[in-house]
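Report on the structure given below.
The chain is numbered in sequence order, starting from 1.
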Amino acid sequence: MIFFLISAFLMCGVESWRPNRPISLLPPLRQGKLVQAPLGNGFSYTTYFFNQRIDHFGFANGGTFKQRYLVSDQFWNHNGGPIFFYTGNEGDIEWFTNNTGFMWDIAPDFRALLVFAEHRYYGQSLPFGSATYQNVSNLNYLTSEQALADFAELVQFIKVNTPGAANSPVIAFGGSYGGMLAAWFRIRYPNIIYGALAASAPIWQFTGLTPCNAFYETTSNTWLQTSKICVANVQQSYQTLEIIASQAGGLNFISSTFKLCTPLVSTTDIEPFKAFLADMYVNFAMVDYPYAANFMAELPAWPIQVACSYLAEPLKGEALLTALSQVTNLYFNYTGETKCVNWTDDGSTGSLGYQGWDYQSCTEMVMPMCSNSSGMFYDVTWDFQKVSDDCYSRYKVRPRENWITLEYWGKLLNGVSRIIFSNGLLDPWSSGGVLQSISDSVIAIQIPQGAHHLDLRTHNDNDTRAVRGAREQETNILRNWLKFNPV
Ligand SMILES: *[C@@H]1O[C@H](CO)[C@@H](O)[C@H](O)[C@H]1NC(C)=O
Ligand SMILES: *[C@@H]1O[C@H](CO)[C@@H](O)[C@H](O)[C@H]1NC(C)=O
Ligand SMILES: *[C@@H]1O[C@H](CO)[C@@H](O)[C@H](O)[C@H]1NC(C)=O
Ligand SMILES: *[C@@H]1O[C@H](CO)[C@@H](O)[C@H](O)[C@H]1NC(C)=O
Ligand SMILES: *[C@@H]1O[C@H](CO)[C@@H](O)[C@H](O)[C@H]1NC(C)=O
Ligand SMILES: *[C@@H]1O[C@H](CO)[C@@H](O)[C@H](O)[C@H]1NC(C)=O
């Protein structure tokens with residue numbers, strides 16, 4: 001999913017107004033209003049809170065906090081039917097629940113119990129209440145390992161305390177960072193997790209596993225599939241912005257053309273403004289869905305096609321920037337209700353937990369990203385030392401560059417079983433995903449013309465044949481796995 005638009009450009013840019021913001025799995029909800037797509041099957045859930053241990057891996061801190069989780073038993077076979085367990089990611093669990101219609105769509109067929117567990121430090125699951133983000137000692141328990149241990153404790157609790165659940169096989173589901181957690185949940189706790197569906201989970205977006213340019217190259221390719229001229233215009237626009245910004249009245253022209261809430265006041269604002277645009281192109285690729293949706297912003301079907309309709313002819317100078325402002329208008333103002341474009345919005349006010357992900361990117365989630373000017377981006381190098389120094393200045397912690405690979409086995413997944421890795425190939429994050437099957441039971445599903453975990457969304461009349469096929473394959477694999485279970 002993920003999250004805020006916090007890009008490598010800002011992370012690595014020479015002059016960032018907000019230095020080294022990490023790229024999060026979901027872009028920021030700049031100004032977008034979250035409206036829920038109806039799930040279509042009259043779904044309802046009950047909210048519960050579980051007394052969760054703050055520290056699973058030490059004994060000095062015996063404290064607990066309330067972890068939120070949502071349960072729907074309306075479809076469940078109370079006599080050992082399977083449990084579909086969503087491993088929450090970096091945000092409000094309701095938001096992920098509302099955007100994971102696939103689980104609701106297949107639950108009646110499997111007669112499954114649905115559980116959506118919130119990730120610690122997000123939504124309402126705050127270990128130290130309003131002081132959760134106050135200092136580094138309170139943040140100390142925000143790790144993927146602690147989150148997986150929470151999920152494991154919760155699964156145990158549900159199985160022990162729900163009549164009929166003791167022998168229920170548990171399948172982990174997740175998208176984006178939640179997909180990474182679903183896969184890692186199966187890897188770390190195979191004793192309680194029977195299998196996992198990890199959608200758009202970039203588990204290999206880490207140091208040494210994927211070239212740092214892959215993410216932006218994939219993004220460029222997604223746009224190139226729609227229009228080469230469009231990409232050439234975008235490529236041209238960076239220099240055009242710099243040239244116009246340096247001319248008399250140029251900054252005013254840019255600010256008023258793009259209807260910016262905060263005007264550009266100096267040529268040093270151009271660098272972060274370029275990064276803002278680059279982030280937007282990534283977002284477009286993440287949500288290039290075949291129907292109108294409002295996952296991160298309210299947009300029409302195939303939004304890249306619409307964006308490129310404004311950039312269909314080779315353009316220059318002010319005409320190019322004017323056309324580009326129609327693209328920002330599309331992304332930020334499709335509803336027509338946006339007064340101005342808040343290009344300095346960091347997403348911290350949306351349902352997604354910007355702060356938490358920022359911290360996670362400064363500790364475990366080190367995802368190297370770089371780009372050159374061969375596609376629709378510009379030159380940005382990856383500088384781990386700089387990222388580390390910036391993290392230290394923000395949180396007094398330094399990232400561990402290779403920890404995730406050691407902890408979760410990197411590419412050595414031959415000893416693993418029963419995981420589906422699905423990836424939409426339009427999605428920039430597919431660059432760090434598992435695109436080829438590793439064995440008969442660690443199965444990769446590629447979805448051509450699919451964006452960020454499209455397969456986890458509820459069915460739609462305008463779904464492509466590819467995503468319908470992917471969902472069918474996923475359902476068949478789950479059926480196949482589950483019939484071997486003692487129900
Ligand atoms: C999720 O959907 C429910 C039902 O439509 C709605 O009441 C709730 O506000 C939504 N929550 C979020 C965080 O989007
Ligand atoms: C962090 O904040 C808590 C209050 O929530 C306080 O008890 C603790 O001493 C603080 N730790 C540091 C290192 O400042
Ligand atoms: C499917 O696409 C058609 C044609 O663009 C459109 O009229 C219709 O509203 C779309 N349906 C959905 C469910 O998005
Ligand atoms: C958003 O769209 C409305 C209606 O077209 C327009 O009046 C308004 O100026 C637009 N806002 C921005 C920021 O472009
Ligand atoms: C822009 O976003 C920032 C950070 O999210 C917020 O504090 C600010 O109020 C927003 N500005 C406008 C004009 O909406
Ligand atoms: C830029 O990146 C592309 C794709 O990764 C690569 O083929 C090309 O050689 C690179 N160009 C330069 C000048 O580094």
Item checked: Worked check of side-chain hydrogen bond (donor to acceptor under 3.5 Å, both in side chains) between Gln124 and Gln67 -> CA-CA 7 Å; Gln124 296 180 9; Gln67 179 180 21; over 6 Å; no

Next item on the list: Show your working on side-chain hydrogen bond (donor to acceptor under 3.5 Å, both in side chains) between Thr335 and Asn333 and close with a plain yes or no.
Entry: CA-CA 5 Å; Thr335 58; Asn333 191 27; 4.5 Å; no

Next item on the list: Could you please spell out the steps behind the side-chain hydrogen bond (donor to acceptor under 3.5 Å, both in side chains) verdict for Arg186 and Ser417?
Entry: CA-CA 8 Å; Arg186 167 68 185 155; Ser417 65; 2.6 Å; yes

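Using bins of under 30°, 30° to 60° and over 60° for the plane-to-plane angle, the ring pair Tyr238/Tyr281 lands in the perpendicular bin. A parallel orientation is assigned to the rings of Tyr408 and Trp184, their planes being inclined by less than 30° (bins at 30° and 60°).
Partners of Asn191 by side-chain contact (heavy atoms from CB on, under 4.5 Å), not counting sequence neighbours, listed by chain and number: Tyr189. Remark: Asp288 pairs with no residue by the salt bridge (charged side-chain N to carboxylate O under 4.0 Å, His left out) rule, at least two apart or across chains.
Trp104 CH2 to Leu456 CG: the interatomic distance, rounded to the nearest 0.5 Å, is 14.0 Å.
The shortest heavy-atom contact between Gly433 and Asn423 is CA-ND2, 3.9 Å.
The main-chain N or O of Val282 is never found under 3.5 Å from a side-chain atom of Thr219 such that the two would form a donor-acceptor pair. Remark: the backbone N or O of Lys159 is not paired with any side-chain donor or acceptor of Thr162 at under 3.5 angstrom.
Taking the six-membered ring for Trp and the full ring otherwise, Phe332 and Phe276 have centroids separated by under 6.0 Å. Residues Tyr194 and Trp481 keep their aromatic ring centres 6.0 Å or farther apart. The six-membered or imidazole ring of Phe116 lies away from that of Phe96, with a centre-to-centre distance of 6.0 Å or more. Ring pair Tyr177/Trp357: centre-to-centre distance below 6.0 Å. Under the 6.0 Å cut-off for aromatic ring centres, Phe84 and Phe110 qualify, their centroids lying closer than that. Between Phe377 and Tyr216, the ring centre distance stays below 6.0 Å.
You'll find the side chain of Ser144 reaches within 4.5 Å of the side chain of Met365, heavy atoms only. Phe173 is not listed as a side-chain neighbour of Phe85, based on a closest heavy-atom distance of 4.5 Å or more. Ser371 places none of its side-chain heavy atoms less than 4.5 Å from the side chain of Phe215. Using a 4.5 Å heavy-atom cutoff, the side chains of Leu277 and Leu241 are in contact.
Within the structure, side chain to side chain donor-acceptor pair (under 3.5 Å) pairs that include any residue of residues 310-322 do not occur (at least two apart or interchain).
Asp455 and Arg471 are not joined by a salt bridge, as no carboxylate oxygen comes within less than 4.0 angstrom of a charged side-chain nitrogen. Glu145 has no carboxylate O lying under 4.0 Å from a charged side-chain N of Arg188, or vice versa, which leaves the two without a salt bridge. For the pair Glu271 and Lys274, the salt-bridge criterion is met [side-chain N within less than 4.0 Å of a carboxylate O].
A donor and an acceptor atom, one from each side chain of Asn89 and His119, are nowhere located under 3.5 Å apart.
Cation-pi geometry between Arg457 and Tyr289 is satisfied (NZ or CZ under 6.0 Å from the ring centre, within 45° of the ring normal).
Atom CG of Asp440 sits in a sparse spot, with 12 or fewer heavy atoms from other residues, nucleotides or ligands closer than 6.0 Å.
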